[in-house]
Amino acid sequence: MDEELRSLAHRLREESGGGPAYEHLLAAAGPEELAGVLTEPGRPLWSRELAAFRLGCAGDPRAFEALVLLLNHRDPERCVSAAHALHLLGDPRTPRAAAALATNELRIAYALIPVRLLARLRAPESAPALVTVLRRRLAPGDPHWRVALAGVGGVGARGGPRAPPAGGAAAHAPAAQPELLGGGARPGEVLAVLSRQGEGAASGVQESIHGVHRVKR
């Protein structure tokens, strides 16, 4: 049992209360039975999540819709498990769905995991969506600074060769910033990537990096 399945199994065992039905879905149920769980009325959320996770990790596209719904759930643990299964599923619809969730302002409070999944997928849809996230989030006082940092890390991870550090606000960002960015990208590298998307995006990020960290502190 891999670490992601172990974590999900422990969480859902507590949520479901354990018992034969849970243990059967965890280890014994086959693909057809798992797919039936996703469409059968009245099934509890834990059973749908477990079925979708197992099908997704096995590469069964019938899990896609359920996993996308879980990717934007208010419970971040469900989002993380769904993102892991979607990454393994490899469905070509995943990047577009993740991009839509990451850029939905009505659900921005739950966008962190979709943004991280976009960065991990590195699909053609990822870069435009990540830049959109940054343009909206990297403004002084924006409360969703974790989403902003995930977006910066995602763009930096896609930036290819190392770019020279940029001047201005980015040059004076806190020393711990590379670790906060997750992918190890320096602010200058991110600005270099964004500059290819247009001068407005780059200057907006450069102006706002300090604002994100002021919110964090």
Side-chain angles (χ1 to χ4, degrees), residues 1-104 106-126 129-130 133 144 146-147 149-151 153-154 157-158 182-183:
M1 184 182 293
D2 66 27
E3 186 58 35
E4 289 294 336
L5 178 56
R6 184 178 296 109
S7 174
L8 176 131
H10 176 74
R11 173 169 56 83
L12 296 187
R13 181 177 286 110
E14 291 188 348
E15 182 177 330
S16 67
Y22 163 80
E23 296 296 342
H24 177 74
L25 281 181
L26 177 65
E32 295 306 318
E33 183 177 355
L34 293 172
V37 170
L38 298 180
T39 58
E40 183 180 335
R43 281 283 190 167
L45 181 58
W46 68 262
S47 66
R48 296 185 189 277
E49 181 181 1
L50 182 52
F53 184 88
R54 286 194 56 204
L55 286 172
C57 290
D60 192 319
R62 290 176 290 184
F64 176 77
E65 287 82 3
L67 290 173
V68 169
L69 290 174
L70 291 165
L71 181 63
N72 201 224
H73 197 272
R74 64 179 179 272
D75 181 351
E77 290 182 318
R78 296 196 198 278
C79 301
V80 170
S81 295
H84 177 76
L86 281 167
H87 186 257
L88 292 179
L89 176 58
D91 192 294
R93 297 170 291 177
T94 297
R96 182 174 296 180
L101 294 176
T103 56
N104 182 354
L106 297 178
R107 300 283 294 176
I108 189 60
Y110 311 114
L112 177 60
I113 305 305
V115 169
R116 288 178 175 171
L117 178 60
L118 273 178
R120 190 178 182 191
L121 292 172
R122 300 195 176 192
E125 295 89 345
S126 295
L130 290 170
V133 168
H144 304 292
R146 290 185 184 275
V147 177
L149 290 177
R158 296 178 57 85

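Keep in mind the model is a prediction, meaning the values are calculated, not measured.
Summarising the geometry of Ile108 relative to Ala102, their closest heavy-atom pair is CD1-O, 4.1 Å, with the distance given to 0.1 Å. Nearest heavy-atom pair across Gly59 and Leu89 is C-CD1, 3.5 Å. When every heavy atom of Ala82 is checked against every heavy atom of Leu67, the shortest pair comes out as CB-O, 3.5 Å. Here the closest heavy-atom approach between residue Ala52 and residue Ala63 is recorded as O-CB, 3.4 Å. Closest non-hydrogen pair, Ala21 versus Trp46, comes out as C-CH2, 4.3 Å. Across all non-hydrogen atoms, the minimal contact from Pro31 to Asp60 is CB-OD2, 4.3 Å.
The distance from atom CG of Leu71 to atom CZ of Phe64, rounded to the nearest 0.5 Å, is 9.5 Å. A distance of 11.0 Å separates OG of Ser16 from CZ of Arg11, quoted to the nearest 0.5 Å. Residue Leu26 holds its CG atom at 13.0 Å from OG of Ser47, rounded to the nearest 0.5 Å. Note that the CG atom of Leu117 and the CG atom of Leu112 stand 11.5 Å from one another [nearest 0.5 Å]. From Glu77, atom CD reaches atom NE2 of His10 across 9.0 Å, with rounding to the nearest 0.5 Å.
Counting only heavy atoms from C-beta outward, the side chains of Leu12 and Arg78 approach each other to under 4.5 Å. When side chains are defined from C-beta on, Leu101 counts as touching Val68, because their heavy atoms get closer than 4.5 Å. The side-chain heavy atoms of Glu32 and Arg62, taken from C-beta on, include a pair separated by under 4.5 Å.
Using modelled atom types, one finds no donor on one side chain facing an acceptor on the other under 3.5 Å when comparing Glu49 with His73.
Using a distance-only test at 3.5 Å, with no hydrogens or angles considered, no donor-acceptor pair links the side chain of Thr94 to the main chain of Gly90. No side-chain donor-acceptor contact under 3.5 Å links Arg120 to the backbone of Ala83. A donor-acceptor contact shorter than 3.5 Å is absent between the side chain of Tyr22 and the backbone of Glu14. Distance alone, capped at 3.5 Å, is enough to place a donor-acceptor pair between the Arg54 side chain and the Leu25 backbone. A donor-acceptor pair under 3.5 Å is absent between the side-chain atoms of Ser7 and the main chain of Glu4, judged by distance alone. A donor-acceptor pair under 3.5 Å is formed between the side chain of Asn72 and the backbone N or O of Tyr110. Using a distance-only test at 3.5 Å, with no hydrogens or angles considered, a donor-acceptor pair links the side chain of Arg48 to the main chain of Glu40.
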Q.
Assess the residue pair Leu70 and Leu45 against the criterion (side-chain contact (heavy atoms from CB on, under 4.5 Å)); give the C-alpha distance rounded to whole Å, side-chain angles, the decisive distance to 0.1 Å, and a yes or no.
A. CA-CA 10 Å; Leu70 291 165; Leu45 181 58; 4.1 Å; yes
Q.
What verdict does the side-chain contact (heavy atoms from CB on, under 4.5 Å) test give for Leu86 and Asp91, after you've listed the backbone C-alpha separation in whole Å, the side-chain angles of each residue and the deciding distance to 0.1 Å?
A. CA-CA 7 Å; Leu86 281 167; Asp91 192 294; 5.9 Å; no
Q) Does the pair Leu55 and Leu38 meet the rule for a side-chain contact (heavy atoms from CB on, under 4.5 Å), with working shown? A) CA-CA 10 Å; Leu55 286 172; Leu38 298 180; 3.8 Å; yes
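Taking a cutoff of 4.0 Å between a charged side-chain nitrogen and a carboxylate oxygen, Glu125 and Arg93 do not qualify as a salt bridge.
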